[in-house]
Every structure is written in structure tokens, then in C-alpha cells.
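Only one structure is covered here, and it is reproduced in the block below.
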Number of protein chains: 2
Amino acid sequence: MTAYSLDATDWRLLEALQRDGRASYAELARTVAMSPSAVTERVRRLEEAGVISGYSAVIDHERIGLPILALVRLRYPHGNYKPFHDLLAATPEVLEAHHVTGDDCFVMKVAARSMRHLEETTGRISGLGAVTTSIVYSSPLERRPLVL
Amino acid sequence: MTAYSLDATDWRLLEALQRDGRASYAELARTVAMSPSAVTERVRRLEEAGVISGYSAVIDHERIGLPILALVRLRYPHGNYKPFHDLLAATPEVLEAHHVTGDDCFVMKVAARSMRHLEETTGRISGLGAVTTSIVYSSPLERRPLVL
DNA sequence: CGGCCGACCGTAGATTCTGCGGTATGACAA
DNA sequence: TTGTCATACCGCAGAATCTACGGTCGGCCG
């Protein structure tokens, strides 16, 4: 909503911070050829404006015992979203949930440690409506940095 | 594939680093009640084992001129994936791409600056097969930290 | 012209990082 | 038991970085 005007330097900082969220201000300063204090101030402004909403370690779900990823679509029969929010709060297996147009009201990304676990999780979700589950074979593009 | 044994401290570090990927080792050390050097060594091992595959700034796509998010499913009629990979390489609007089971072979997350832009992008994708587009109204759960 | 404002720079003290050596604990074999 | 070894942790010192501050420069407006 709130527009924020980004110049070329801001874009380069955003790109650098998406590639390495732990880059030091000194390092960032070197890549954009400015002083560390100017870079610090720019990044602080981007954070304050909400352009950068945070920083996160990227975890390989396969290496922490959650080898199965699935996209679950939920046909939701009514407009009372409370049960759905309760489900989200109670189901850590759901990594993302999006309210979308189309026949299926919600699309979720789900991680599970086994097929049995996935079955149990989708079963829980299907208490709210008809589900369609697609299991992820592989992800040709797991995460692309957001650029103009 | 490569199993990595995580103890309670590792989990707490992973959780902390997913919540704040820029937390200093000194800060992490305080949250898990260990010395900074021990924490540094643990995090280094997690990175080396591939449990932590990187760090990234989380960008609010709405504030950088990409207010529209859509999930695009692609029905892909054959087993030659080269054209699809070429499309991914040439289409920065696609933020994620997953190869999945079910009628639609691929599911993509797409960001666009306008409906016209989305139309143009899905049009490009539909050169490869039939597409089904769902526009994201909102995301009740945008990103949940991966936990046990 | 004179003053103001925004963005940048440079500096100093505090904090953090990095690499190293030292220590405690537990496993294992003689 | 005793010795040895490996692992994980701690603490330290020098280097690098961070943070907060004041100073400078160029553009803009009264």
C-alpha cells in the first residue's frame, strides 16, 4: 500500500540481502561502493518502510526429517474462516496458506516426515472441506530473489 | 538424504535464525546459554551439513511494485523439460516452481505488477501447455518457521 | 543571497567476530 | 582402574564490525 521509492542502489542492496541475508554492512558497502554508515541508514529505512519485513535462515526440509512436501488445495464451503485459522494454529505441518480465487478457496504448502504423516495431516485438513493433494517430486525453482 | 542429528540446542538455534537471520552469534549465545564460540561452531556445522542452505532478507512484494501474487498450474504434455527450464530462466516473474503429482505437472508462484502484467506472463507460460491461474487474495500464513 | 534539508562521509568507543589453545566429559581398550 | 582419544565447550586476543554522532556537500525555496 504505502509506496516506497527505490533507487538503483536500494535494488542492489535488496538483491544482495536476498542472496546473503547475513552480509555485513561493511560488505554491502563494498558491493555498492558507499560508506558503511550510508548503507546502514538505507537498510534501516528499507526495514522501517516494511520493504524488508525480516531476515530468515533458509532450512533444507529434507535434512531435518521432513522429506515430503505437498501442495494441498482445500474447497471451503462457507465464509466463516475461524475454523480454518484454528486449524492453521494447530497444524505446524502447514508452512504456507493462501486464500485464492477459483474452485479451491485455500492452497497450502505442507511438509511431512512420511507418507503416513502426510495422510494424517491432510485427513485433519479434510475435516473442513474437500481436499486435493499434489505431492512435490522436486522443485526446479525453490526460491527466486524478488527483483524488478 | 544425508541425515544430520539435531539436538535440542540445534533446534533452538534453527528457530532463532529463522525468526531473525541476522542475529549475532553473541545474541544467539545468550538465547541458548552458551559461549559465542560454541554457537559459532554449531551454526557453521549446520551450514556445512546443508541444514541451513543460506540466509535471505524477506521482501514485501506489495511494497516494491508487485502487488499481485498468483498460483499458476501448468498441464505439461510431454517429458521434455528443456522448454520449461528455459521458460523459468527467462521469466523472473516466476518465484517458485514445483514439479508435482496430479493432472497439472507444474505449480508456480508468480508475482506481477498489474493484471495486465499477470496476463502477459501467464500467456507466455501457456505456450507450453494448458494453465490454470488462481489469484491470491491474501495469505493467512505467509511463511512458517520449519520446526519438528 | 541565505537558510534549510536530505544524503552522504568519517570518526571513536563499544561490540562482535575469528582463530587459537586449553579443559572437561564420555567412550573404549588394556 | 588407568590411559588415550575424540568431542564439545570455554576463554582469550587481535582484527573487523557496529553504532551513534557531528561535519560536509549539493539542491531547493523563500
Side-chain angles (χ1 to χ4, degrees), chain A residues 1-66 145-148, chain B residues 1-66 145-148:
Chain A
M1 194 115 296
T2 312
Y4 185 89
S5 172
L6 298 161
D7 66 13
T9 303
D10 289 327
W11 281 110
R12 291 209 288 158
L13 290 175
L14 288 182
E15 194 203 325
L17 282 171
Q18 286 180 92
R19 269 192 293 103
D20 177 12
R22 277 181 86 77
S24 70
Y25 293 122
E27 210 169 326
L28 294 172
R30 285 188 288 269
T31 74
V32 302
M34 284 211 309
S35 72
S37 30
V39 167
T40 305
E41 178 59 16
R42 271 177 182 264
V43 173
R44 195 198 58 73
R45 271 201 299 267
L46 289 169
E47 291 168 356
E48 193 174 24
V51 173
I52 298 176
S53 65
Y55 302 89
S56 182
V58 179
I59 307 297
D60 184 341
H61 61 90
E62 294 189 3
R63 311 219 181 179
I64 59 171
L66 296 168
L146 226 31
V147 291
L148 172 69
Chain B
M1 194 114 297
T2 310
Y4 186 88
S5 173
L6 298 161
D7 66 13
T9 304
D10 289 326
W11 280 110
R12 291 209 288 159
L13 289 174
L14 288 182
E15 194 203 327
L17 282 171
Q18 285 180 92
R19 269 191 294 103
D20 177 11
R22 277 181 88 78
S24 70
Y25 293 120
E27 210 169 326
L28 294 172
R30 284 189 287 269
T31 72
V32 302
M34 285 211 308
S35 72
S37 30
V39 167
T40 304
E41 178 60 16
R42 271 177 183 265
V43 173
R44 197 198 57 75
R45 272 202 298 267
L46 289 168
E47 290 168 356
E48 193 174 24
V51 172
I52 298 174
S53 66
Y55 303 89
S56 182
V58 179
I59 307 298
D60 184 339
H61 60 90
E62 293 189 4
R63 309 218 183 181
I64 59 170
L66 295 168
L146 226 31
V147 290
L148 172 70

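A note on names: the letters A, B, ... follow the listed sequences, proteins ahead of strands, and every chain is numbered from 1. None of the values given here were measured: they were computed from a predicted structure. Every heavy atom of this structure was used, including side-chain atoms; hydrogens, water molecules and symmetry mates were not.
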Original post:
Do the side-chain N and O atoms of E47(A) and Y55(A) include a donor-acceptor pair separated by under 3.5 angstrom?
Top reply: yes
**OP:** State, to 0.1 Å, how close L14(A) and I59(B) come at their nearest heavy-atom pair, and which atoms those are.
**Re:** CD2-CD1, 3.6 Å
**OP:** Starting from C1' on dC9(C), measure out to CG on L28(A) and report it in whole angstrom.
**Re:** 17 Å
Original post:
Is there a donor-acceptor contact under 3.5 Å from the side chain of Q18(B) to the main chain of L146(B)?
Top reply: yes
Original post:
Given atom CZ of R44(A) and atom P of dA7(C), what is their separation to the nearest angstrom?
Top reply: 11 Å
Original post:
Is the backbone of G50(A) close enough, under 3.5 Å, to the side chain of S53(A) for a donor and an acceptor to pair up by distance?
Top reply: no
**OP:** Just do the salt bridge (Lys or Arg N to Asp or Glu O under 4.0 Å) check on R44(B) and E41(B) with the steps written out, would you?
**Re:** CA-CA 5 Å; R44(B) 197 198 57 75; E41(B) 178 60 16; 3.1 Å; yes
Original post:
Nearest-Å distance, CD (E27(B)) to C1' (dT17(D))?
Top reply: 15 Å
Subject >> Side-chain N or O of R30(A) closer than 4.0 Å to phosphate OP1/OP2 of dT17(D) >> reply: yes
Got a list of protein N/O to nucleotides 9-13 of chain D N/O distances below 3.5 Å?
{"residue": "dC9(D)", "atom": "OP1", "partner": "R42(B)", "partner atom": "NE", "Å": "3.1"}
{"residue": "dC9(D)", "atom": "OP1", "partner": "R42(B)", "partner atom": "NH2", "Å": "2.6"}
{"residue": "dC9(D)", "atom": "OP2", "partner": "R42(B)", "partner atom": "NE", "Å": "3.4"}
{"residue": "dC10(D)", "atom": "OP2", "partner": "S35(B)", "partner atom": "N", "Å": "2.6"}
{"residue": "dC10(D)", "atom": "OP2", "partner": "S35(B)", "partner atom": "OG", "Å": "2.6"}
{"residue": "dG11(D)", "atom": "N7", "partner": "S37(B)", "partner atom": "OG", "Å": "3.2"}
{"residue": "dG11(D)", "atom": "O6", "partner": "S37(B)", "partner atom": "OG", "Å": "3.2"}

Original post:
When you measure from the centre of the six-membered ring of Y4(B), is the NZ or CZ of R42(B) under 6.0 Å away and within 45° of the axis?
Top reply: no
